[in-house]
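Presented below is the structure to which this report refers.
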Amino acid sequence: MTSAAIAVASDHAGFPLKSDLAEFLRDKGFEVVDLGTDGSESVDYPDFAFEMARALKDGRVARGVLVCGTGLGISIAANRYPWVRAALCHDVTTARLCREHNDANVIALGGRLIGVELARDCVETFLATEFGGDRHARRVGKMTNPPEL
Ligand code: RB5
């Protein structure tokens with residue numbers, strides 16, 4: 001079953017921004033599934049990236065927001081799974097294009113790098129933008145089923 005809910009997850013470095021974005025999305029009327037972490041205690045970002053991958057696979061959520069210090073580690077970890085297309089975004093343009101061209105289902109943000117207002121704008125744009133389909137669908141399909149090497 002595919003849900004319209006949105007998951008948020010972070011490590012300790014992303015926790016403040018993740019918390020802000022969860023509240024921001026709830027205020028906008030979205031159902032938010034918070035996959036942790038729940039505080040500033042040091043944790044390992046792959047664990048939360050993997051929980052995001054699980055929630056997407058289960059169909060518990062349709063889209064996700066991942067935050068670590070830079071957005072790098074947590075997006076790399078999530079992208080180990082072929083059904084995850086996590087896009088690290090630093091601005092509204094990449095947040096739009098990762099949907100239009102790449103059908104990204106997760107936006108990743110650097111909680112130590114990006115301001116809260118810009119992060120909110122990125123998430124809003126990410127959620128509002130449709131996939132362009134057409135030639136992009138062929139390319140996204142190739143990413144979902146990579147050849148044996
Ligand atoms: C944690 O210190 C930091 O390494 C992590 O949040 C992230 O930036 C890794 O990519």
Side-chain angles (χ1 to χ4, degrees), residues 2-28 30-129 131 136 139-149:
T2 299
S3 156
I6 295 160
V8 297
S10 74
D11 70 355
H12 54 288
F15 174 71
L17 181 59
K18 187 259 291 179
S19 303
D20 179 277
L21 293 173
E23 192 180 340
F24 173 72
L25 289 170
R26 287 194 180 104
D27 287 350
K28 294 251 169 223
F30 291 99
E31 182 190 342
V32 175
V33 177
D34 192 335
L35 301 172
T37 189
D38 301 321
S40 57
E41 186 185 335
S42 184
V43 291
D44 298 333
Y45 57 80
D47 297 334
F48 298 90
F50 300 157
E51 285 309 310
M52 177 66 73
R54 190 195 307 278
L56 287 165
K57 187 177 190 196
D58 290 351
R60 263 193 296 157
V61 300
R63 302 265 185 95
V65 178
L66 286 174
V67 191
C68 69
T70 58
L72 287 166
I74 207 160
S75 58
I76 291 169
N79 281 322
R80 305 292 293 178
Y81 297 94
W83 60 89
V84 179
R85 290 178 299 281
L88 173 56
C89 296
H90 295 293
D91 52 57
V92 170
T93 305
T94 45
R96 174 175 60 80
L97 287 172
C98 78
R99 287 289 311 131
E100 287 181 0
H101 287 201
N102 313 116
D103 199 19
N105 50 7
V106 174
I107 184 169
L109 299 163
R112 289 174 173 164
L113 303 180
I114 194 169
V116 170
E117 289 297 332
L118 178 54
R120 289 178 182 178
D121 287 348
C122 286
V123 169
E124 210 169 7
T125 299
F126 171 77
L127 293 173
T129 306
F131 178 44
H136 304 300
R139 294 162 185 165
V140 169
K142 288 186 178 185
M143 289 196 288
T144 305
N145 297 293
E148 291 289 329
L149 299 177

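Read the numbers this way: they start at 1 and go in the same order the structure lists the ligands and their atoms.
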Output block, N or O contacts of ligand 1, threshold 3.5 Å exclusive:
residue: ligand 1; atom: 2 (O); partner: R112; partner atom: NH1; Å: 3.4
residue: ligand 1; atom: 6 (O); partner: D11; partner atom: OD2; Å: 2.6
residue: ligand 1; atom: 6 (O); partner: G69; partner atom: N; Å: 2.7
residue: ligand 1; atom: 8 (O); partner: G69; partner atom: N; Å: 3.3
residue: ligand 1; atom: 8 (O); partner: T70; partner atom: N; Å: 3.0
residue: ligand 1; atom: 8 (O); partner: T70; partner atom: OG1; Å: 3.2
residue: ligand 1; atom: 10 (O); partner: T70; partner atom: OG1; Å: 3.4
residue: ligand 1; atom: 10 (O); partner: G73; partner atom: N; Å: 2.9

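- Heavy atoms only, all atoms of each residue included: I6 and V65 are closest at CG2-CG2, 4.3 Å.
- The residues R120 and E124 are annotated as not salt-bridged, no charged nitrogen and carboxylate oxygen being separated by less than 4.0 angstrom.
- In this structure, E100 places its CD atom where more than 12 heavy-atom neighbours from other residues, nucleotides or ligands lie under 6.0 Å away.
- Test R54, R60, K18 against L35 for side-chain contact (heavy atoms from CB on, under 4.5 Å) and you get one pass: R60.
- Separating the SG atom in C122 from the CG atom in L109 is a distance of 6.0 Å, to the nearest 0.5 Å.
- The residue from M52, R63, R85 that alone fulfils the side-chain contact (heavy atoms from CB on, under 4.5 Å) condition with V106 is M52.
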